[in-house]
Number of protein chains: 2
Amino acid sequence: MALRHAVLAALLDGELSGYQLAKAFDVGVANFWHALPQQLYAELARLEKEGLVAGRRVVQETRPAKRLFHVTDAGLAELERFAAAASKPSFVRDDLLVKVQAADHVDAGPLIRQVEERAAVAEAKIDLFRRILRKMRGDLGEEEFLRAGRRVGPYLTCLRGLAFEEGNRDWCLRTAAILRDRNAAVAGAGTPAVPGEGTAPAYRRPEVARAER
Amino acid sequence: MALRHAVLAALLDGELSGYQLAKAFDVGVANFWHALPQQLYAELARLEKEGLVAGRRVVQETRPAKRLFHVTDAGLAELERFAAAASKPSFVRDDLLVKVQAADHVDAGPLIRQVEERAAVAEAKIDLFRRILRKMRGDLGEEEFLRAGRRVGPYLTCLRGLAFEEGNRDWCLRTAAILRDRNAAVAGAGTPAVPGEGTAPAYRRPEVARAER
DNA sequence: CTCCCATAGTCAAGGATATGACTATTCAAC
DNA sequence: GTTGAATAGTCATATCCTTGACTATGGGAG
């Protein structure tokens with residue numbers, strides 16, 4: 001039930017429309033939470049009904065009208081309550097890690113490609129985050145901004161996003177190199193397609209007949 | 001729909017009972033996926049019905065009987081298919097980051113405590129991961145193990161977990177220090193409880209009367 | 001002149017996850 | 001001698017999240 005609080009936190013920086021929120025919570029920039037547009041519009045409706053945010057309609061000339069939302073005092077109080085409550089630990093849930101976990105038992109080719117692609121994605125995010133951070137701190141140096149700047153929350157979460165993506169990139173590059181080496185070694189030793197099968201799996205499945213292959 | 005593949009990947013290292021799986025997917029060790037026991041038992045039942053895993057009953061003397069599951073050839077094929085398909089990017093979803101995003105608008109005290117507690121949790125996980133890695137590579141050095149070891153998938157995902165927790169710890173410690181400094185600075189300047197309110201929020205809420213406070 | 005993209009927002013359906021409780025046995029501590 | 005932790009597993013409910021649509025307008029590319 002933290003999506004609502006993520007929305008409240010995002011609206012602290014100023015009024016946003018649902019559409020703008022959706023972009024902020026989209027892949028690429030969502031440093032502290034991720035959500036799809038449908039969720040956000042639904043959550044905004046709930047938050048408004050409960051009086052935690054309020055919206056005002058803004059008519060535009062060249063674009064469809066939009067509704068800009070801001071956090072009410074009740075919303076701020078709710079955020080305060082949330083921030084003081086215990087946080088549950090966060091979990092890893094990543095398709096790619098599941099695949100790497102199985103790396104010794106599946107075809108290495110597609111996996112290596114995916115890991116390398118992820119490294120490129122991480123690199124792009126790193127660039128983006130660096131630009132965002134520069135923009136947020138303006139003329140000030142990082143240390144100075146963090147000491148005296150008036151709004152450091154988003155800066156700090158962006159720093160976490162940056163460090164995460166740097167870790168991601170480094171790990172992906174190393175993992176890809178390792179899998180490539182192993183794949184080449186096994187291929188050189190004569191086993192053609194599936195390297196894991198060449199290097200004796202740690203666990204021989206019992207009672208299941210290993211047909212063909 | 002990746003939980004099933006995470007279960008398959010976990011069972012590659014040998015037979016496991018639902019209970020053992022649950023421990024592996026619990027907080028603390030789940031390097032590549034996290035899930036609750038209920039989910040795992042349900043998923044195991046589905047996987048068995050579809051013939052992707054098979055279980056055998058093992059009666060024990062001092063403990064209740066258990067069912068040990070292993071991946072079938074069909075399961076391995078399914079995992080192969082999954083590994084070759086495109087992975088969707090993974091997302092950040094962390095209560096604590098939401099709170100830090102709102103750091104300038106909420107009471108800093110409880111937040112700082114939580115960030116420091118998270119740093120301690122990360123430190124404990126780092127120790128745990130280092131022990132697990134040492135155990136997995138045995139006598140070999142890391143480079144050597146990754147070149148020649150016969151099962152590196154779990155080692156690689158554990159390395160990612162280690163790097164993640166190191167990043168977590170470093171960020172938490174730095175963030176806590178920054179928030180402490182800022183809190184002390186504002187308290188010294190005369191504002192008592194809520195420091196964010198002392199430093200002029202970037203956005204003045206319109207049309208909403210700012211009662212008392 | 002048409003097609004696609006960006007803006008702005010909504011609906012329905014179903015799968016995935018979380019919360020909380022519950023059974024049953026054994027060992028070890030108090 | 002009863003309570004508590006660990007083993008082993010299950011059920012029900014509720015909420016969350018994802019998938020895949022769909023409406024509508026305006027601007028720019030080709």
Let me know the distance between [atom1] of [X] and [atom2] of [N], rounded to the nearest Å.
{"X": "B:Glu43", "N": "C:dA18", "atom1": "CD", "atom2": "P", "answer": "13 Å"}
{"X": "A:Gln39", "N": "C:dA12", "atom1": "CD", "atom2": "P", "answer": "17 Å"}
{"X": "A:Leu16", "N": "C:dT7", "atom1": "CG", "atom2": "C1'", "answer": "15 Å"}
{"X": "A:His34", "N": "D:dC17", "atom1": "NE2", "atom2": "C1'", "answer": "10 Å"}
{"X": "A:Tyr41", "N": "D:dA21", "atom1": "OH", "atom2": "C1'", "answer": "16 Å"}
{"X": "A:Asp26", "N": "D:dT18", "atom1": "CG", "atom2": "P", "answer": "11 Å"}
{"X": "B:Leu44", "N": "D:dG9", "atom1": "CG", "atom2": "P", "answer": "9 Å"}
{"X": "B:Arg46", "N": "D:dT10", "atom1": "CZ", "atom2": "C1'", "answer": "14 Å"}

Map A:Arg4 and B:Gln20 onto DNA chain D by nearest heavy atom, then report which one ends up closer to the 5' terminus.
-> B:Gln20

In terms of side-chain geometry, is the basic nitrogen of [X] or [Y] positioned less than 4.0 Å from the acidic oxygen of its partner?
{"X": "A:Glu166", "Y": "A:Arg169", "value": "no"}
{"X": "A:Arg56", "Y": "A:Glu48", "value": "no"}
{"X": "A:Asp94", "Y": "B:Arg160", "value": "no"}
{"X": "A:Arg118", "Y": "A:Glu123", "value": "no"}

Hey, does the side chain of [X] come within less than 4.0 Å of [N]'s phosphate (OP1/OP2), counting only N and O?
{"X": "B:Lys23", "N": "D:dT7", "result": "yes"}
{"X": "B:Lys88", "N": "D:dT18", "result": "no"}
{"X": "A:Tyr19", "N": "C:dG9", "result": "no"}

Nearest-0.5 Å distance, OH of residue A:Tyr155 to CG of residue A:Leu162 |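 The distance works out to 9.0 Å.
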
How many angstroms lie between atom OG of B:Ser17 and atom CZ of B:Arg67, to the nearest 0.5 angstrom?
->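 Going from the OG atom of B:Ser17 to the CZ atom of B:Arg67 covers 11.0 Å.
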
Output the residues of residues 57-68 of chain A in contact with DNA chain D, where contact means a heavy atom of the residue under 4.0 Å from an atom of the strand; sort by number or write none.
->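 When residues 57-68 of chain A is checked for heavy atoms under 4.0 Å from DNA chain D, the hits, listed by number, are A:Thr62.
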
Classify the ring geometry between B:Phe164 and A:Phe164 as parallel (under 30°), tilted (30 to 60°) or perpendicular (over 60°).
->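 Taking A:Phe164 first and then B:Phe164, their aromatic rings stand perpendicular (interplane angle over 60°).
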
What orientation do A:His5 and A:Phe82 show, parallel under 30°, tilted 30 to 60°, or perpendicular over 60°?
-> parallel

Given side chains that start at C-beta, do those of A:Val121 and B:Pro89 come closer than 4.5 Å, heavy atoms only?
->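 No, every pair of side-chain atoms sits at 4.5 Å or beyond.
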
Please figure out whether A:Pro37 or B:Ala2 has its closest DNA chain C nucleotide nearer the 5' end.
->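 Between the two, 5'-proximity favours A:Pro37.
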
Degree of bending in the helix from C:dC1-D:dG30 to C:dC30-D:dG1 once both end axes are built from five pairs, to 10° |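 It comes to 30° between the two terminal axes.
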
Give A:Arg93 one of three labels, base, sugar-phosphate or nothing, depending on what nucleic acid heavy atoms sit under 4.0 Å from its own.
-> sugar-phosphate

Which nucleotide in the set D:dA12, C:dA8, D:dA8 lies at the smallest distance from any side-chain heavy atom of B:Gln38?
-> D:dA12

Give the intermediate values and the outcome of side-chain contact (heavy atoms from CB on, under 4.5 Å) for residues B:Ile178 and B:Arg174.
-> CA-CA 6 Å; B:Ile178 289 162; B:Arg174 189 178 179 205; 3.9 Å; yes

